[in-house]
Visitor: 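Dropping the structure in here first, questions after.
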Amino acid sequence: MDNNNTKAHQEKKIGRYLITAALPYANGLKHIGHLAGAYLPADIYVRYLKAQKRDVVFVCGSDEHGTAIPIQAMKEGTTAQAIIDKYHPIIEQNFKDLGIAFDIYHRTSAPLHHETAQEFFSVLNNKGDLEIKESEQFYDEATNTFLADRYIKGTCPVCGNNNAYGDQCEKCGSTLSPEMLINPVSTLSGNAPIKKATKHWYLPLNRHEDFLREWILKEHKDDWRSTVVGQCKSWIDGGLQARAVTRDLDWGIRLPLTEGKEQHTVDRLPLTEGMDSETVNGKQLTETTTTTAVTQSDAGKVLYVWFDAPIGYISATKQWAIDNDKDWKPYWNAPDTKLVHFIGKDNIVFHCIIFPVMLKLYGDILPTNVPANEFMNLEGDKMSTSRGWSIEMDDYINDWIKKDNGGESMADVLRYYLTQIAPETKDSEFTWKGFQDANNSELVNIFGNLVNRTFVLMHKLCSGKVPVFSNDIIDDTDKQLIIDIKQSTQKVTALLEAYKFRDALFEVIDLARKGNKYMQDKEPWMVAKRQTVDGILSPEGKKSIDNCLHLCLQLTANLTILINPFLPFTASKLCRMMKVVDRMLEWKNAGKIDLLKVGYSLREPQLLFRKIENEEIDTQLLKLREKSAWVNSKTETSTSMEEVTVNEIAPVAPEIVFDDFAKIDLRVGTIIAAEKVPKADKLLKLSVDLGFEIRTIVSGIALHFAPEDIVGKQVTVVVNLAPRKMRGIDSNGMILMAEDTQGKLHFINPEQDISNGASVK
RNA sequence: CGCGAGGUAGAGCAGCGGUAGCUCGUCGGGCUCAUAACCCGAAGGUCAUAGGUUCGAACCCUAUCCUCGCAACCA
């Protein structure tokens with residue numbers, strides 16, 4: 001009770017809602033995991049708020065910058081602009097087909113977004129909220145460009161794969177930085193990149209640690225999901241770093257030039273003892289002299305995509321306001337606005353830590369909640385577009401919705417199942433069998449059937465009209481159903497307000513279940529038989545039947561309102577059957593039992609959902625396996641082809657002096673033991689006798705050699721390589737390997753056995 | 001390694017100090033208006049493991065094991 005009052009009180013203070021769903025990255029199709037993670041819960045929440053007649057705007061749009069887009073363009077042999085122009089409309093249409101009703105679906109390539117992001121950057125920069133640092137980064141002289149991590153390839157220091165990217169080795173999964181690659185090569189020219197100094201703007205998150213601790217870990221400790229608070233705590237405790245805001249890249253939003261003279265902001269303040277690294281009057285002490293002005297020399301820089309993407313929510317709101325002749329500002333400025341970000345868990349850091357810091361600095365409101373979902377697995381494995389283990393929204397639409405196969409109601413079936421298994425508190429799993437079960441036993445058998453038998457009976461026994469309800473013969477069963485309708489409405493409302501969509505949906509279905517039970521208890525078909533004598537139904541029998549069907553019809557109307565946020569297409573269908581207008585769907589009508597007027601004639605029933613047969617899900621399972629196999633064979637061919645290319649053009653590494661070479665201590669050793677490292681596909685744990693000691697070395701060669709085959713072999717070892725931990729095992733050195741054009745590895749060993757520990761020169 | 005989340009009936013999940021619960025599936029029964037539907041009943045769990053706190057623990061504490069995730073723009 002107390003809780004309800006507080007809630008009601010808080011609701012009163014909310015002037016308007018701004019709901020965002022994560023901006024999908026326009027480098028490819030999006031799968032149903034994305035849908036379940038962000039778009040569907042957001043849509044349900046928005047539809048509910050709109051039924052409540054609240055002032056709400058639902059924004060989203062394509063995220064079209066960043067390095068992955070030009071890379072995708074390279075893959076498809078086209079331009080970055082062509083990529084986004086291809087995927088943006090497809091994604092937008094997919095959402096529409098699945099009933100995700102954004103008020104605006106914008107895109108970050110729009111000029112309005114560029115202006116908005118640039119202005120945002122300028123405001124922060126002019127206030128001194130950004131830091132500037134110079135660092136050395138890889139640069140390709142042939143193409144005159146700084147290289148993003150993804151544009152650098154080389155040999156992985158962990159597993160020896162010579163196609164590792166500058167940020168990660170896709171073979172062994174290690175996280176890398178370009179500096180760690182052996183023989184780095186620019187993917188643009190094939191040349192070895194050089195190091196060159198470059199200047200970048202940084203967002204000093206470390207300055208805001210106190211604010212974040214207070215705001216997330218204290219204020220929102222209880223009303224945000226524990227997974228969200230937990231992850232934020234993890235990151236904050238891990239130490240917040242300044243994050244680069246700018247990048248040397250061609251594709252993205254140009255830095256806005258500062259007008260007029262350069263402003264020199266000298267941040268060099270005297271470092272007093274005992275005051276190190278803390279702030280003085282809110283100003284960070286640094287020893288660097290910074291020039292915050294953006295000049296012509298910075299023309300080649302763009303905003304890092306993480307900085308511009310969330311601003312996309314703001315520019316989308318602006319565009320919506322223009323289109324609808326509204327004012328966008330209160331949605332981002334007014335304290336009585338409730339801002340809610342719907343995202344997946346991989347986005348928590350951006351929406352709970354980074355973007356809020358940006359908003360606070362800019363002077364905007366902060367999100368009220370960030371109900372992030374965990375991940376949804378698929379048939380026992382992680383969903384992954386690159387491995388072909390996914391169901392794209394586009395595929396689902398083509399297979400189930402468009403093909404005269406159930407039509408729009410199949411969109412609702414997907415919405416139903418994805419909500420029912422929504423990963424709200426932990427990872428969950430999509431299976432086609434589960435999909436079939438949810439549809440057949442809950443939507444068809446319980447919900448659809450209740451509606452259908454109600455309508456059929458009403459046409460048979462009540463001549464197709466809403467019968468009268470006689471209060472004089474009301475019994476406990478009737479009363480209980482009326483109470484159930486009211487209670488379910490309250491529960492569903494409370495659950496929706498708390499972002500518990502899975503539970504809310506269960507409650508709706510449960511009400512339908514109660515309806516079936518009610519009808520079973522009343523058995524009007526039996527009454528009709530028993531009370532009919534000589535073809536004439538007794539007045540008592542008629543009354544009993546009328547009461548039952550009257551309530552069942554009112555229940556159907558209530559179910560229509562309650563199911564509407566989840567299954568909008570079904571709700572419309574029900575409205576047509578009941579011949580009511582959309583206004584009946586307003587939430588304030590839920591719980592009432594006079595929604596359908598007595599005497600009103602209703603349409604013939606049509607089935608709301610169809611059964612899904614075993615063959616259909618078998619087809620889908622087969623399709624998934626085939627797609628995955630096809631994608632994997634394709635990528636394997638393409639990488640091995642690339643490997644060959646890289647091998648052929650792999651240039652000689654930059655010249656080094658003798659001293660550099662002399663730093664490397666190479667010795668001959670003998671492998672005396674080898675075993676597979678558990679839970680690592682590619683790693684072998686080797687014991688190598690170096691004469692003077694026995695070393696443990698972890699090497700990424702398990703795919704090339706069986707442990708028992710290599711024991712006793714002599715190998716060449718880099719013995720003074722810094723130790724590195726892999727899978728929890730310290731590796732003290734590196735075995736030298738030669739790779740042939742087929743990608744096969746060979747040991748480098750002396751012509752004939754020599755003593756262990758012998759130096760290699 | 002560390003951090004975060006989780007490990008509860010065949011499957012999927014809820015419960016987070018007081019007699020183990022829900023949905024689906026399985027088995028038996030009832031009913032026939034309904035898309036072989038609906039209704040009722042039953043079987044099925046030493047709540048990951050081991051200690052501890054407590055009158056009492058799935059729930060709190062400690063340790064261990066296992067799964068997933070962790071600032072790459074992949075919700």
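Convention: sequence-line order gives letters A, B, ...; per-chain numbering from 1. Note that the coordinates shown come from a computational prediction; the quantities given were computed from them, not determined experimentally.
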Visitor: Using a cut-off of 4.0 Å on non-hydrogen atoms, how would the nucleic acid contact of A/R513 be classed: base, sugar-phosphate, or nothing?
Guide: sugar-phosphate
Visitor: To the nearest Å, how far apart are A/R243 CZ and B/C73 P?
Guide: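 In whole Å, B/C73 P lies 9 Å from A/R243 CZ.
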Visitor: Write down the distance separating the C1' atoms in B/C1 and B/C60, rounded off to the nearest Å.
Guide: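 Going atom to atom, C1' in each nucleotide, I get 28 Å.
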Visitor: Taking only Watson-Crick and G-U wobble pairs with both distances under 3.5 Å, what dot-bracket line describes RNA chain B, where [ ] shows pairs that cross earlier ones and | shows pairs with another strand?
Guide: .(((((((.[[[[.)..(..]]]].(((((.......))))).....[[[[[..)....]]]]])))))).....
Visitor: Counting side-chain heavy atoms from CB outward, which of B/U35, B/C73, B/C22 is closest to A/K611?
Guide: B/U35
Visitor: Calculate the interatomic distance between A/Y304 atom OH and B/A71 atom C1'; express it in whole Å.
Guide: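 To the nearest whole Å, that distance equals 10 Å.
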Visitor: With respect to the phosphate group of B/C38, does any side-chain polar atom (N or O) of A/N449 fall under 4.0 Å of OP1 or OP2?
Guide: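 For B/C38, neither OP1 nor OP2 has a side-chain N or O of A/N449 closer than 4.0 Å.
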Visitor: To the nearest Å, give me how far apart CD (A/Q436) and P (B/G25) are.
Guide: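 So the CD-P distance, A/Q436 to B/G25, works out to 10 Å.
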Visitor: What's the gap between B/G7 and B/A48 when it is taken at their C1' atoms, as a whole Å value?
Guide: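 Each nucleotide's C1' atom is 6 Å from the other's.
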Visitor: With RNA chain B as reference, determine whether A/T454 or A/A38 sits nearer its 5' end, using the nearest nucleotide of each.
Guide: A/T454
Visitor: Which nucleotide in the set B/C24, B/A71, B/C31 lies at the smallest distance from any side-chain heavy atom of A/L240?
Guide: B/A71
Visitor: Side chain of A/F350: nearest nucleotide among B/C22, B/C24, B/A71?
Guide: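 Given the options B/C22, B/C24, B/A71, the side chain of A/F350 is closest to B/A71.
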Visitor: Applying salt bridge (Lys or Arg N to Asp or Glu O under 4.0 Å), name anything that partners A/D437, two or more places apart in sequence or on another chain.
Guide: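 Expected list: A/K433.
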Visitor: Could you tell me how far apart A/D437 (CG) and B/U23 (P) are, to the nearest whole angstrom?
Guide: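 My rounded result for the distance is 15 Å.
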Visitor: Look at the side chain of A/K573 and the backbone N and O of A/Q606, then say whether any donor-acceptor pair between them is shorter than 3.5 Å.
Guide: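 No.
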Visitor: Is there a side-chain polar atom (N or O) of A/K517 under 4.0 Å from OP1 or OP2 of B/C40?
Guide: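 Yes.
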Visitor: State which of B/A71, B/C39, B/U35 makes the closest approach to the side chain of A/L607.
Guide: B/U35
Visitor: Calculate the interatomic distance between A/N377 atom CG and B/G69 atom P; express it in whole Å.
Guide: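 Atom-to-atom, A/N377 to B/G69, this comes out as 8 Å.
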Visitor: Send over the distance from A/M376 CE to B/G12 P, rounded to a whole Å.
Guide: 14 Å
Visitor: Is any NZ, NE, NH1 or NH2 atom of the basic residue among A/R107 and A/D63 found under 4.0 Å from an Asp or Glu carboxylate oxygen of the other?
Guide: no
Visitor: Which whole number of Å gives the distance between the C1' atom of B/U8 and that of B/U23?
Guide: 15 Å
Visitor: So, using ring pair (Phe, Tyr, Trp, His ring centres under 6.0 Å) as the criterion, who are the partners of A/F447 when residues are at least two apart?
Guide: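 Listed in chain order: nothing, the list is empty.
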Visitor: Hey, what are the protein-to-nucleotides 2-8 of chain B N/O distances that come in under 3.5 Å?
Guide:
from	atom 1	to	atom 2	distance (Å)
B/C3	O2'	A/S234	OG	2.8

Visitor: In whole Å, measure the gap between the P atoms of B/C22 and B/A14 for me.
Guide: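 The same atom, P, in both gives a distance of 16 Å.
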Visitor: Name all residues meeting the ring pair (Phe, Tyr, Trp, His ring centres under 6.0 Å) criterion together with A/H106; count only those two or more places apart in sequence or in a different chain, and write none if there are none.
Guide: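 A/H106 satisfies ring pair (Phe, Tyr, Trp, His ring centres under 6.0 Å) with no other residue.
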Visitor: Touch check for A/V456, heavy atoms < 4.0 angstrom, all strands: base, sugar-phosphate only, or nothing?
Guide: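 Result for A/V456 = sugar-phosphate.
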Visitor: The test is side-chain contact (heavy atoms from CB on, under 4.5 Å); show your working for A/R415 and A/L98 and say whether it passes.
Guide: CA-CA 8 Å; A/R415 291 173 65 107; A/L98 292 167; 5.6 Å; no
Visitor: Where the side chain of A/M519 is defined as all heavy atoms beyond and including C-beta, which of B/C24, B/A72, B/C33 is the nearest nucleotide?
Guide: B/C33
Visitor: Between B/C27 and B/U54, how many Å separate the two C1' atoms, rounded to a whole number?
Guide: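 Looking at atom C1' only, B/C27 and B/U54 are 41 Å apart.
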Visitor: Does any residue of residues 521-530 of chain A have a heavy atom under 4.0 Å from RNA chain B, and if so, which ones, in number order?
Guide: A/W525, A/M526, A/K529
Visitor: I'd like the P distance from B/G10 over to B/U26, given in whole Å.
Guide: 15 Å
Visitor: Which residues pass the side-chain hydrogen bond (donor to acceptor under 3.5 Å, both in side chains) test with A/Y39, sequence neighbours left out?
Guide: none
Visitor: Could you give the distance separating B/C73 and B/C65 at their C1' atoms, to the nearest angstrom?
Guide: 35 Å
Visitor: Suppose we screen for ring pair (Phe, Tyr, Trp, His ring centres under 6.0 Å). Which residues come up paired with A/W389, at least two apart in sequence or across chains?
Guide: none
Visitor: Relative to each other, are the rings of A/Y45 and A/F342 parallel, tilted or perpendicular (30° and 60° limits)?
Guide: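 Ring orientation of A/Y45 relative to A/F342: tilted.
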Visitor: Of all residues at least two apart in sequence or in a different chain, which pass the ring pair (Phe, Tyr, Trp, His ring centres under 6.0 Å) check with A/W432?
Guide: A/W400, A/F430, A/F435
Visitor: Which whole-number value in Å describes the distance from A/Y25 OH to B/C74 C1'?
Guide: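 Checked: the OH to C1' distance equals 11 Å.
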Visitor: So A/G448, base contact, sugar-phosphate only, or nothing? Heavy-atom distance under 4.0 Å.
Guide: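 The answer is base, as A/G448 lies within the cut-off (heavy atoms under 4.0 Å) of a base atom.
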Visitor: So A/I343, base contact, sugar-phosphate only, or nothing? Heavy-atom distance under 4.0 Å.
Guide: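 It contacts sugar-phosphate atoms only.
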Visitor: Can you tell me which nucleotide in B/C13, B/C24, B/C74 comes closest to the side chain of A/R502?
Guide: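 Selected nucleotide (nearest to the side chain): B/C13.
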Visitor: Check each of A/L359, A/L23, A/I19 against A/Y313 using the side chain to side chain contact (heavy atoms under 4.5 Å, CB included) test, and report the only one that passes.
Guide: A/L23
Visitor: Where the side chain of A/E442 is defined as all heavy atoms beyond and including C-beta, which of B/C33, B/U23, B/A71 is the nearest nucleotide?
Guide: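 Of the candidates, B/U23 comes closest.
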Visitor: With sugar-phosphate meaning primed atoms plus P, OP1 and OP2, does A/H31 contact a base, only sugar-phosphate, or nothing at under 4.0 Å between heavy atoms?
Guide: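 A/H31: base contact, heavy atoms under 4.0 Å.
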Visitor: Which part of the nucleic acid, if any, lies within reach of A/I446 when heavy atoms closer than 4.0 Å are counted: base, sugar-phosphate only, or nothing?
Guide: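 Sugar-phosphate contact only - A/I446 comes under 4.0 Å of backbone atoms but never of a base.
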Visitor: Touch check for A/F609, heavy atoms < 4.0 angstrom, all strands: base, sugar-phosphate only, or nothing?
Guide: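 The answer is base, as A/F609 lies within the cut-off (heavy atoms under 4.0 Å) of a base atom.
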Visitor: Within this structure, what is the CG-to-P distance between A/L443 and B/C24, rounded to whole angstrom?
Guide: 12 Å
Visitor: Taking all atoms of both residues into account, what is the closest heavy-atom pair of A/L212 and A/C352, and its distance?
Guide: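 What the structure gives for the nearest pair is CD2-O, 4.0 Å.
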Visitor: Can a side chain N or O of A/N27 be found less than 4.0 Å away from OP1 or OP2 on B/C74?
Guide: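 Yes.
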Visitor: Compile the donor-acceptor pairs under 3.5 Å between side chains in residues 459-467 of chain A and protein atoms, sequence neighbours left out, one pair per line.
Guide:
from	atom 1	to	atom 2	distance (Å)
A/H459	ND1	A/F455	O	3.0
A/H459	NE2	A/L602	O	3.2
A/H459	NE2	A/R603	O	3.4

Visitor: Please state the C1' separation for the pair B/G30 and B/U67 - nearest whole angstrom.
Guide: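 B/G30 and B/U67 have their C1' atoms separated by 44 Å.
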Visitor: Applying side-chain hydrogen bond (donor to acceptor under 3.5 Å, both in side chains), can you list everything that pairs with A/H200, at least two apart in sequence or on another chain?
Guide: A/T246, A/D248
Visitor: Just jot down the side-chain hydrogen bond (donor to acceptor under 3.5 Å, both in side chains) partners of A/Y416, sequence neighbours excluded, or say none.
Guide: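 Expected list: A/E442.
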